[in-house]
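The sequence lines fix the lettering, A, B, ..., with proteins before strands; numbering per chain opens at 1.
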Number of protein chains: 4
Amino acid sequence: MNKVILVGRLAQDPEVRYTQSGKAVASFTIAVNRFAGGGQKEADFIPIVAWEKLAETCGNNLTKGQRILAEGRLQIRSYETNDGQKRRVAEVVAQNIEFLERKQPAEDKEATPFGGQVFPEEEIPF
Amino acid sequence: MNKVILVGRLAQDPEVRYTQSGKAVASFTIAVNRFAGGGQKEADFIPIVAWEKLAETCGNNLTKGQRILAEGRLQIRSYETNDGQKRRVAEVVAQNIEFLERKQPAEDKEATPFGGQVFPEEEIPF
Amino acid sequence: MNKVILVGRLAQDPEVRYTQSGKAVASFTIAVNRFAGGGQKEADFIPIVAWEKLAETCGNNLTKGQRILAEGRLQIRSYETNDGQKRRVAEVVAQNIEFLERKQPAEDKEATPFGGQVFPEEEIPF
Amino acid sequence: MNKVILVGRLAQDPEVRYTQSGKAVASFTIAVNRFAGGGQKEADFIPIVAWEKLAETCGNNLTKGQRILAEGRLQIRSYETNDGQKRRVAEVVAQNIEFLERKQPAEDKEATPFGGQVFPEEEIPF
DNA sequence: TTTT
DNA sequence: TTTT
């Protein structure tokens, strides 16, 4: 059993990439609020990754600020930095995501810079 | 909601320390098995911390190899390395721990044979 | 470990009662949606009980239709009917409740459309 | 989200049946211990059902007394008694089961009352 | 109806 | 690096 259940808000729009074999991977961070002693509010910023069909769904339906419930497993991944140091990073590999709010329609998102157009990969204008 | 539920085995004996104000903190890592594609077994090594009374209980009752269920919250903590780099570390702050196995005392792997009496170490009658 | 986590909407306003010793008990049912085969939506109606301070909070802050996350334990309770039959009833004893929506005050069930102003019903400007 | 996570012991051997369309269904009850006030131990007896491949696995690998972790969803099912009364029954529909103990092979179970001998069913001496 |  |  390795089960994580989080309710939080996207700290950023999801980023969707593709592996060489063509698998979609979405990654984003959610802010999970916590009530610290003395009525203080703090947040943990927790990295989420989603794969394949769930990754596409995230890319198409989630935006910064939106509240979700994420269910998944906690993974500690090792990698090497450019200068050869070993590092560990923790992330939640999502198995299931529930949208607790509707997506903000495009005309009141400041994120979409090109009127919602989608460009073939080699033409993205920056 | 920030909930983590893990079943795994201690990868090491717990280390119990005390803050300047006298609070106990136990820390240890558990190995949580995962079934990767193709019948392969892999494990995630996940750092656990426990505070105060629960920390003492961990220190007194858990040993390397023992299987537990840990319930807690996922925390991302920031710190600075000695050479001034910022790092983030993830850990599960335990709120509740269930022992899924009795502790194996080294000298006494069978059930305690003397009616539950506890002897000072130099007086154990064998 | 006996852990239940539900996201659903109140099927009714909470009912708050008091035991002879003066403890508050709130009870209500939540509808938890499920996606059955073929895009069909069904719901489970699950009884929730909350005790003491949490019961008061439920009574004061929750109304029919409101979406919540409830965390608790599953309890099977036995009782006898008036004609002496034994019955069993399942309910979730809430340990923690998160409000996923603000309480809708009766006079203002739609979204407030005018910069947060609230109008008496006969003056809504359309 | 409708998530239940239980750790308990089988109160009975699983019963495996088949629907008319040939789907396997296993059902059994687990005893989940709880620590009531005053060091008292009580248990909830919670009905579990499993379907298809998981049902077969339960039938083949679980026996009375064995400890498991069950993950699933809480379902309230309605039915009519023979004399036409409506009843509701709660059960956990298992999605995943972890065996926290090996199955006791018949010959070293203490339940066997005759010095460990195993009798073909028609010869059991009582 | 019930587990250790 | 960050959400409301």
* Do Glu98(D) and Asn96(D) have side-chain atoms, one donor and one acceptor, less than 3.5 Å apart? -> no
* Asked: Among Ser27(A), Cys58(A), Pro14(A), which residue meets the side chain to side chain contact (heavy atoms under 4.5 Å, CB included) test with Val49(A)?
  -> Ser27(A)
* pair Asp83(A)-Gln85(A): side-chain heavy atoms closer than 4.5 Å -> yes
Provide a list of protein-nucleic acid N or O atom pairs under 3.5 angstrom, restricted to nucleotides 1-4 of chain F.
{"from": "dT1(F)", "atom 1": "OP1", "to": "Arg88(B)", "atom 2": "NH2", "distance (Å)": "3.4"}
{"from": "dT3(F)", "atom 1": "N3", "to": "Asn33(A)", "atom 2": "OD1", "distance (Å)": "3.3"}
{"from": "dT4(F)", "atom 1": "O4'", "to": "Arg9(A)", "atom 2": "NE", "distance (Å)": "3.3"}

* Indicate the atoms forming the closest heavy-atom contact of Ala26(D) with Val16(D), along with that distance. => CB-CG2, 4.1 Å
* Asked: Short question: side chain of Arg67(D), backbone of Leu100(B) - any donor-acceptor pair under 3.5 Å?
  -> yes
